[in-house]
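Please read all numbers here as calculations on a predicted model, not as lab measurements. Numbers for residues simply follow the sequence, beginning at 1.
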Amino acid sequence: MRRIRPVIAAAAGTIAAIALAPVASARPQPVIGAHGAAVARHASTPEVHPEGARHPGPGPAVPLRSSPQIVRIDRATRTAYVTSDQGTISLVDIARCNVERHSRCARPVATLPAPGGGADIAVNDRTRTLYYASADNGTVSVYDVAHCTAEDTSGCGPAIATVHVGGIPIGLALSAGTGTLYVGNVSNRVDVLDVRACGRGLVSGCAHARVGSVHGNNTGLVVLDQGHRTLYATENGQNEDGTDVLVIDTRHCRASDASRCGAAPARLPTGPGPTLALLAGHTLYVANQGDSTVSVLDVAHCTGADHSGCRQQPTNVPVGANPSGGLVRSEDGDLYVGNSDSDTLSTFNTRSCRAGHT
């Protein structure tokens, strides 16, 4: 499986603020590449320039110590946490470092030490705990971020505990209400961690946090639908030839009840080599490395409790080469896809490209 790339990308070793301007087209459009030059899209998606549309462009670049991997934004504290492939978590003040304000873009406001090969991050807003997956070390590190935000860095420090899960942990999805952390593990499983006693203020449960696992095929990033108690996990397969998303029923696969974690999950077809996934309403968007597309999937009847719609054929939208650099949806409903091999973003409007309206 290819290394996960930055969610918000610019030149190597930086993170750039991206202006998420509305784009009034359902087809992917060319935007600005990593070095500031306009670049062409996938050949099968002709350019469309709607009246008055503005393409998003890069804002100021924040220098980081090494290649950024994953960006997670804590909206409550206006903080972006950025993992790297060489052992750091950088904090960026997104309130004062964006396309309109540049006052705190010169450097990260703080940097946390972390095991190398950093992948995903999850933040528990209730306990002010940050979880960090290290693909290289086979661990999930636990951080106290009650006083480690863009506005208050007085409590930033090393991890307070470590959960040894083994394998290659990549994706994290947190159910704060049930105290469950789901870990997409490339070593053919999704690990289920009980973090009710593994967080800020209480780490006694970290040593034996894993309570179950779901078998998969080279599983990667995971997306949790809390309302339908369903976890979606991409299956990249061996040599990026997987074509499914696991549909996991979390009602009996959680911290307090892991009795059904061993049951075979349902599968939802996608394009080849699915990596990133994003859920918006009843639509699941999945970026596929194998054919450089984004699958648009209707999951209204493909949940942990209802498999009747899981055998659908996906609608695949062509994007740029190797869409593994991030999948972000703006408040206006525009979906941005980072294309790692072409250093571009593709975008289309999810209001006119969604489940039931493709």
Side-chain angles (χ1 to χ4, degrees), residues 6-10 15-32 48-62 68 70-82 91-105 120-125 149-151 173-174 176 221 223-228 232 276-287 294-300 317 319-320 323 325-339 344-358:
V7 168
I8 303 175
I15 176 174
I18 302 293
L20 299 186
V23 178
S25 173
R27 293 180 178 271
Q29 299 201 22
V31 291
I32 302 299
V48 178
H49 296 283
E51 185 73 23
R54 295 183 295 116
H55 296 310
V62 182
I70 290 287
V71 179
R72 293 298 181 201
I73 293 176
D74 182 1
R75 297 188 184 279
T77 63
R78 303 285 289 166
T79 305
Y81 296 95
V82 189
L91 279 66
V92 177
D93 182 350
I94 61 173
R96 285 173 285 183
C97 179
N98 51 58
V99 294
E100 295 179 350
R101 303 182 66 184
H102 306 172
S103 60
R104 299 195 77 181
C105 292
D120 208 355
I121 282 176
V123 179
N124 189 329
D125 290 334
T149 67
E151 290 293 335
L174 177 70
L221 297 185
V223 176
L224 183 63
D225 182 349
Q226 305 250 24
H228 293 94
Y232 299 98
L276 308 173
L278 182 146
L279 185 67
H282 294 308
T283 307
L284 184 68
Y285 298 92
V286 181
V294 171
S295 295
V296 182
L297 301 159
D298 187 343
V299 294
V317 180
V319 291
L327 205 58
V328 179
R329 184 173 179 265
S330 74
E331 293 181 357
D332 295 320
D334 294 315
L335 187 72
Y336 292 84
V337 187
N339 307 307
T344 63
L345 292 174
S346 297
T347 182
F348 58 89
N349 194 295
T350 60
R351 293 188 299 274
S352 55
C353 187
R354 66 181 191 276
H357 187 58
T358 59

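- Looking at Asp74 and Asp125, their side chains come closer than 4.5 Å, going by heavy atoms from C-beta outward.
- Judged as a side chain to side chain contact (heavy atoms under 4.5 Å, CB included), and not counting sequence neighbours, the contacts of Leu278 are Ala280, Tyr285, Leu327, Arg329, Leu335.
- When all heavy atoms of Thr350 and Gly333 are compared, the pair lying nearest together is OG1-O, 2.5 Å.
- Atoms CD and CG, on Gln226 and Leu224 in that order, are 4.5 Å from each other to the nearest 0.5 Å.
- Residues Asn339 and Ser346 meet the side-chain proximity criterion, which asks for heavy atoms closer than 4.5 Å.
- With sequence neighbours excluded, the residues that form a side-chain hydrogen bond (donor to acceptor under 3.5 Å, both in side chains) with His228 are Asp225.
- Using a 4.5 Å heavy-atom threshold, the side chains of Asp334 and Phe348 count as separate.
- We find the CD1-CZ distance between Ile94 and Arg75 to be 6.5 Å, quoted to the nearest 0.5 Å.
- Here Ala277 pairs with Val223, Thr234, Leu284, Val286 under the side chain to side chain contact (heavy atoms under 4.5 Å, CB included) rule; sequence neighbours left out.
- Listed by chain and residue number, Thr77 satisfy the side-chain hydrogen bond (donor to acceptor under 3.5 Å, both in side chains) test with Thr79 (two or more places apart in sequence, or in another chain).
- Arg104 meets the side-chain hydrogen bond (donor to acceptor under 3.5 Å, both in side chains) test with Asp93; sequence neighbours excluded.
- With Thr283 contributing its side chain and Ala355 its backbone, the two residues share a donor-acceptor pair below 3.5 Å.
- Residues Val123 and Ile121 are in side-chain contact: their nearest non-hydrogen atoms beyond the backbone lie under 4.5 Å apart.
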